[in-house]
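These notes concern the structure reproduced below.
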Amino acid sequence: MSQDQIVIRLKDGTEKTVPKGITISEIASRISAGLARQAVAGKVNGKVIELSRAIEIDSAVEILTLDDDDGLEVYRHTAAHVLAQAVYRLYPETKFAIGPVIENGFYYDFADHAFTLDEFPAIEAEMKAIIKADYPVVRKVITREEALTFFAERNDRFKIEIIQDLSVDQTLTIYSQGEFTDLCRGPHLPSTGRIKAFKLLSLAGAYWRGDANREQLTRIYATAFSKASQLETYLKFLDEMKERDHRRIGKELKLFTLAHEVGAGLPIWLPNGAKVRRAIERYIVDLEESLGYEHVYTPVLGSVELYKISGHWEHYHEDMFPPMRIENEEFVLRPMNCPHHMMVYKSEPRSYRDLPLRIAELGMMHRFEMSGTLAGLQRVRAMTLNDAHLFCTPDQIQAEFSRVIKLIQRVYRDFSITDFSYRLSLRDPANTEKYVANDGMWNKAENMLRQALDDLGLPYTEAEGEAAFYGPKLDVQVKTALGKEETLSTVQLDFHLPERFELEYIGEDGKPHRPVVIHRGIVSTMERMVAFLIENYKGAFPLWLAPIQARILSVTDYQKEYVEEIVDLLRERGVRTEADVRQEKIGYKIRAAQLDKIPYMLVIGAKEMESRQVAVRDRVAGDIGEMALDEFVQKVVAEISARGSGELA
RNA sequence: GCCAGCGUAGCUCAGAUGGUAGAGCAACUGACUUGUAAUCAGUAGGUCGCAGGUUCGAUUCCUGUCGCUGGCUCCA
């Protein structure tokens, strides 16, 4: 092969010999004219680069189109630059921070101009003009000095800080389109005209570099799609997600209420919500007791001294309600149940024969959350956690951990929760003062968790800075109706609290040893769990969780007594039942029951009363015909105890 | 807490470039005794979040404040 030829391997595995220095777009043209038209970028040896970039060595080459996630990312990234250019034209005083691509869109952070929503139409119009002008996007490698000079001239403090923070050997590139130039790693579309559909979505404050102590910038959220129809579909999808919002459904179905007279973040559980919560509480307590957990009750108040021992006072102070002083002693509302459970352990001398000791509680806690973060039942200031602390010997950690994972999997199956992921939450290495100091302990705990996860073969991601102050944890992450990720279940390995509380057990050797504690929450706090379930089920709870499981509808007044008899019978058998004997047409009552998402409606007319039958209507399947009353009772009782996955309406 | 937006009957929403407000559903009353997603008629319900200011006059304009929503920090 001649010196000026190289070999490229394409996505389908075929190899091509091409001239050295060939560009990505030339390769695309050689493959097909259609691909050349659709190409937005290339991927060479795993790295995404512009179509205009040349290849000098043998490489694996992939042509990216908007059907590839990487291609769409390039597209949105260029859209972010178009947004910045439009802002630069309209409000030249604006300074530019960063404009990354995020899931489903992108944003750009600006400073020195106070944006309002009213300006969106003008910005969008300018963006359209920039797209129409079809400016080529030109990449240029520059030196650190050139870059610093350039952005100093533009007076852009953010870009200068970014450049100064990059390592000296980092190659710097700038991208220009028309009169606008931005510091950027790239890659980008060949020209602005390639953008077809975009929309500015919202405005938000965001701290520079995510640090609340630094300048607050204005962030514009936006999205872009390859086709207008896709954008439409996405916007419609956002609207539909809002229909799932637990705050909306919680109001409609009278599950809970929030009143400012009571206080922000302090929810009131209305009868319907309380029924759901009680069903969950019964379920989890029974299940835990069957697995050897021991449930206790402990007070929601605790002496400040208790939290000084635990370390909460030192590390968690700011998240707690301030102390109240009484008879020369200070008390706080507890933000976590762990210290009380430590005292359960300490209530008597322990032997290795007592371990593992699994202390559980539906423990109510209060945390001072900033007002701006509160949201329905999802983020509150008073919450009840499905908490437990497993006290065990070091040898038992592995087995206990895996029992907890199995419990999580069992519970998620019973609740039909399928969309979740595991996250190993680690200490933030850059901010160690947030955590209790003991590097040996941290490393040991992190390694043990990682080992346990690998042994179980669970897929997981790692997240720095998400650990509890006293130790690393495994979190189970789910998504809310608005697409935000949140933690539902958590398992934490703790070598710290046993130390602070000087916990001991007498080992086989007759000597005292220190136990290890595993903190775990399975069904989360009752508040967050119910919020999540409302969204997951769109308010249509499966039978075993539904606040009202059956509603008995009379066709006329004359069936009133039989209806009451059925209600009494079902209630006696533990079925949450109510009557609708209003003087309304049956269609009206059925519609009302459907809107209330009640799993079973029993239609009772003269016929049914005569034959002691019930006409059963299923929330999803509709009219499923008549059956004997006893037969229905058996059916519904069996289905409740089977905890059927429920029809996701 | 910070940035932006919003705040009209129980709920969902109209409305006037300043002359004290409407609809549907829900509620209540009456008639209809009704067969698988809305029977008809009537009644009642709001100092237009709250407090100041401008004005002859404000719910509409201005300021402050409270609440809610989205986001940031935080987080079960």
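These values consider heavy atoms only, across backbone and side chains, with no hydrogens, waters or symmetry-generated copies. Throughout, protein chains are lettered first and strands after them, A, B, ... in sequence-line order, and every chain is numbered starting at 1.
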Is it true that a side-chain atom of A/His340 and a backbone atom of A/Leu301 form a donor plus acceptor pair closer than 3.5 Å?
-> yes
For A/Arg528, which contact category applies under a 4.0 Å heavy-atom criterion: base, sugar-phosphate, or nothing?
-> base
Audit row: A/His389, A/Arg520, side chain to side chain contact (heavy atoms under 4.5 Å, CB included) steps and yes/no = CA-CA 6 Å; A/His389 295 89; A/Arg520 41 108 289 177; over 6 Å; no
Would you say the side-chain atoms of A/Glu527 pair up with the backbone N or O of A/Thr384, donor to acceptor, closer than 3.5 Å?
-> yes
Polar pair under 3.5 Å, donor/acceptor by atom type, side chain A/Tyr207, base B/rG71 | no
How far, in whole Å, is B/rU59 from B/rG18 if one measures between their C1' atoms?
-> 10 Å
Nearest listed nucleotide, side chain of A/Arg379, among B/rC75, B/rA4, B/rG71 | B/rC75
By ring-ring contact (aromatic ring centres under 6.0 Å, His included), which residues pair with A/Phe120, not counting sequence neighbours?
-> none
Ignoring hydrogens and geometry, is there a side-chain-to-backbone donor-acceptor pair from A/Glu466 to A/Leu424 under 3.5 Å?
-> no
Between A/Lys484 and A/Asp475, which has a closest nucleotide on RNA chain B that is more 5'?
-> A/Lys484
Nucleotide by nucleotide, nucleotides 35-43 of chain B touches protein heavy atoms under 4.0 Å in the pattern (B base, S sugar-phosphate only, - none) BBBBB----
Counting any heavy atom closer than 4.0 Å, what does A/Glu486 reach on the DNA or RNA strands: base, sugar-phosphate only, or nothing?
-> nothing
Using a cut-off of under 3.5 Å, enumerate the N/O to N/O pairs linking the protein to nucleotides 61-69 of chain B.
from   : atom 1 : to       : atom 2 : distance (Å)
B/rU69 : OP1    : A/Arg247 : NH1    : 3.2

For B/rA31, give its Watson-Crick or G-U wobble partner with both distances under 3.5 Å, or none.
-> B/rU39
Side chain to side chain contact (heavy atoms under 4.5 Å, CB included) between A/Lys473 and A/Asp475, worked out | CA-CA 6 Å; A/Lys473 52 183 186 157; A/Asp475 292 322; 3.3 Å; yes
A/Gln378 or A/Gly372, whichever maps to the more 5' nucleotide of RNA chain B = A/Gly372
Does B/rU73 have a Watson-Crick or wobble partner in any strand here, with both distances under 3.5 angstrom, and which is it?
-> none
If you measure from the Lys or Arg side-chain nitrogens to the Asp or Glu carboxylate oxygens, is any gap between A/Glu486 and A/Arg423 under 4.0 Å?
-> no
Under-3.5 Å donor-acceptor pair between A/Ser524 side chain and B/rA76 base | no
Who does B/rC56 pair with, Watson-Crick or G-U, both distances under 3.5 Å?
-> B/rG19
With P as the reference atom in both, quote the distance from B/rG5 to B/rU65 in angstrom, rounded to an integer.
-> 15 Å
Quote, to the nearest angstrom, the C1' distance that separates B/rG22 from B/rU60.
-> 16 Å
Is A/Thr487 touching bases, backbone alone, or none of the nucleic acid, heavy atoms closer than 4.0 Å?
-> sugar-phosphate
Ion pair present between A/Glu252 and A/Arg247, side-chain N to carboxylate O less than 4.0 angstrom?
-> no
Which is true for A/Ser489 with a 4.0 Å heavy-atom rule: it touches a base, it touches only sugar-phosphate, or it touches nothing?
-> nothing
Please work out if A/Tyr107 contacts a base, only the sugar-phosphate, or nothing of the nucleic acid, heavy-atom cut-off 4.0 Å.
-> nothing
When you measure from the side chain of A/Arg381 to the backbone N and O of A/Glu369, does any donor-acceptor pair fall under 3.5 Å?
-> yes
Just call it for A/Ala204: base, sugar-phosphate, or nothing, with non-hydrogen atoms closer than 4.0 Å on any strand.
-> base
For the pair A/Arg157 and A/Asp112, find out whether any cationic side-chain nitrogen is under 4.0 Å from an anionic carboxylate oxygen.
-> yes
Separation of B/rU73 atom C1' from A/Glu369 atom CD, nearest Å, is 12 Å
B/rU8 to B/rU47 separation - P atoms, rounded to the nearest Å | 13 Å
Taking N and O atoms by type only, does the side chain of A/Arg367 place a donor or acceptor under 3.5 Å from a partner on the base of B/rC75?
-> no
Rounding to the closest angstrom, what is the interatomic distance between B/rA14 and B/rU39 at atom P?
-> 27 Å
